[in-house]
Amino acid sequence: MPRENLTQKRERAAEIERRLYEYYGEGECSLDHEDPFTLTIAVILSAQCTDAAVNKVTPELFSRFGTPEAMAHARVEDIEAIIHPLGFFRSKAKNIVACAQTVLADFGGTIPNDIDALQTLPGVGRKTANVVMCQAFRNPQGIAVDTHVYRIAHRLGFATRNDDTPQKTEARLLKIYPQHDWLFINHQWVHFGREFCSARNPKCEMCLINDLCPSCGKAK
């Protein structure tokens, strides 16, 4: 694929989004949740493990501690006992209890609809905050860059080898995609990454955007 300027990248990105939207729609969140609070907790728990693993423990967790009030007063040991199948369960248990306590103390028991305020919650970084802003509030302030989005952004040539962190990769994507598309990209790309653009042996020959990808046939 020839070298592109920013305008050409935006045009290619627009066609990629058109096709992905046609195929996936807005995309669906893979984490089971009922409201902004349970979504925030589920995303915190999803670090370094699969969404499927999180969905196995959250039914019991949320049935017992599904509100900020209930979780804020929970014993960390009780949370650990429920989420112990997950990686880093001890630190996650401390974080989600502390998160609930902060939501109560600083935000009146309501998850804030604000990208900066969200990042003051224990366990919440920019990726988690972006997911909550898009999924819970439909108020995109950025793009959540997880392993799928990071991989696909580089394979599509929208990020360079110098964009070696999620933050740098997100900054690149925000320049290429208009804000109204930020709402969909994470969910669409997660599903696309699982179905076509996997980390190993991507299905390039079947891919619906293979003619728009400079890595087609090269990524293994």
Side-chain angles (χ1 to χ4, degrees), residues 1-4 6 8-33 42-58 83 85-89 92 125-128 130-131 134-135 140 142-177 181-220:
M1 186 170 289
R3 186 178 181 85
E4 295 174 306
L6 182 57
Q8 291 168 326
K9 283 184 179 180
R10 286 173 174 167
E11 291 172 349
R12 183 162 60 92
E15 176 59 18
I16 288 171
E17 171 54 25
R18 186 193 68 77
R19 296 187 195 180
L20 292 182
Y21 193 94
E22 185 177 79
Y23 191 82
Y24 292 111
E26 294 187 4
E28 295 183 359
C29 181
S30 300
L31 291 166
D32 296 337
H33 63 281
V43 181
I44 293 173
L45 294 177
S46 71
Q48 305 299 315
C49 67
T50 66
D51 292 350
V54 174
N55 289 339
K56 290 180 180 179
V57 304
T58 50
I83 69 167
L86 306 182
F88 306 100
F89 71 93
K92 288 178 181 179
R126 182 165 176 89
K127 184 192 81 171
T128 298
N130 275 328
V131 172
C134 288
Q135 178 67 21
I143 297 170
V145 177
D146 55 18
T147 55
H148 292 287
V149 174
Y150 184 88
R151 177 177 70 254
I152 293 165
H154 283 78
R155 284 181 176 173
L156 289 175
F158 292 152
T160 71
R161 67 181 65 184
N162 293 326
D163 302 315
D164 54 0
T165 66
Q167 293 78 13
K168 291 178 181 178
T169 300
E170 181 188 6
R172 288 282 188 177
L173 292 174
L174 297 185
K175 292 178 180 178
I176 294 170
Y177 281 92
D181 286 347
W182 301 354
L183 190 64
F184 316 126
I185 288 175
N186 178 264
H187 291 336
Q188 289 172 342
W189 287 22
V190 166
H191 292 296
F192 174 70
R194 290 171 178 164
E195 185 172 359
F196 296 103
C197 199
S198 55
R200 295 185 179 181
N201 301 314
K203 300 173 182 176
C204 295
E205 70 284 353
M206 301 170 57
C207 178
L208 65 160
I209 58 169
N210 56 17
D211 58 316
L212 299 170
C213 179
S215 301
C216 179
K218 301 175 184 177
K220 299 295 182 184

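This one's a predicted model, so the numbers in the text were calculated from it and none came from an experiment. The chain is numbered in sequence order, starting from 1.
- For Trp189 (side chain) and His148 (main-chain N/O), no donor-acceptor pair under 3.5 Å exists by modelled atom type.
- With Asn210 contributing its side chain and Cys216 its backbone, the two residues share no donor-acceptor pair below 3.5 Å.
- By the 4.5 Å heavy-atom criterion applied to side chains, Asp146 and Val131 are not counted as neighbours.
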Open item on the list: Determine whether Phe88 and Leu45 satisfy the following criterion, side-chain contact (heavy atoms from CB on, under 4.5 Å), listing intermediate values before the conclusion.
Closed with: CA-CA 9 Å; Phe88 306 100; Leu45 294 177; over 6 Å; no

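- Here the side chain of Asn186 pairs no donor or acceptor atom with the backbone of Ile143 at under 3.5 angstrom.
- With contacts defined as side-chain heavy-atom distances shorter than 4.5 Å, the pair Ile209/Leu156 qualifies.
- In terms of heavy atoms, Ser30 sits closest to Asp51 at CB-OD2, 3.2 Å.
- Judged by distance alone, the side chain of His191 and the main-chain N or O of Gly27 form no donor-acceptor pair under 3.5 Å.
- Put simply, the residue from Glu195, Arg19, His187 that forms a side-chain contact (heavy atoms from CB on, under 4.5 Å) with Tyr24 is Glu195.
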Open item on the list: What verdict does the side-chain contact (heavy atoms from CB on, under 4.5 Å) test give for Leu31 and Gln135, after you've listed the backbone C-alpha separation in whole Å, the side-chain angles of each residue and the deciding distance to 0.1 Å?
Closed with: CA-CA 11 Å; Leu31 291 166; Gln135 178 67 21; over 6 Å; no

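- The backbone N or O of Phe158 lies less than 3.5 Å from no partner atom in the side chain of Arg12, so there is not a single donor-acceptor pair.
- Using a 4.5 Å cut-off on side-chain heavy atoms (C-beta onward), His154 and Thr169 make contact.
- One N or O on the side chain of Lys92 and one on the backbone of Ala47 form a donor-acceptor pair closer than 3.5 Å.
- A distance-only check finds a donor-acceptor pair linking the side chain of Arg151 to the backbone of Cys197 [under 3.5 Å].
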TODO: May I have the step-by-step check of side-chain contact (heavy atoms from CB on, under 4.5 Å) for Phe196 and Ile152, ending in yes or no?
DONE: CA-CA 10 Å; Phe196 296 103; Ile152 293 165; over 6 Å; no

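- Distance alone, capped at 3.5 Å, is enough to place a donor-acceptor pair between the Asp163 side chain and the Thr160 backbone.
- With a 4.5 Å cut-off on side-chain heavy atoms, Lys9 and Lys175 do not count as touching.
- Rounded to the nearest 0.5 angstrom, Arg155 CZ and Cys204 SG are separated by 7.0 Å.
- The pair Arg18-Glu15 meets the salt-bridge criterion, since a charged nitrogen lies less than 4.0 angstrom from a carboxylate oxygen.
- Residues Cys49 and Leu86 approach most closely at SG-CD2, 4.1 Å, considering heavy atoms.
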Open item on the list: One pair to check against side-chain contact (heavy atoms from CB on, under 4.5 Å): Leu20 and Leu208. What are the steps and the verdict?
Closed with: CA-CA 8 Å; Leu20 292 182; Leu208 65 160; 4.3 Å; yes

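- Remark: Lys168 NZ is packed, more than 12 non-hydrogen atoms of other residues, nucleotides or ligands lying under 6.0 Å away.
- For the pair Glu26 (side chain) and Tyr21 (backbone), a donor-acceptor distance under 3.5 Å is absent.
- Residue-environment remark: CD (Glu205) exceeds the threshold of 12 foreign heavy atoms within 6.0 Å.
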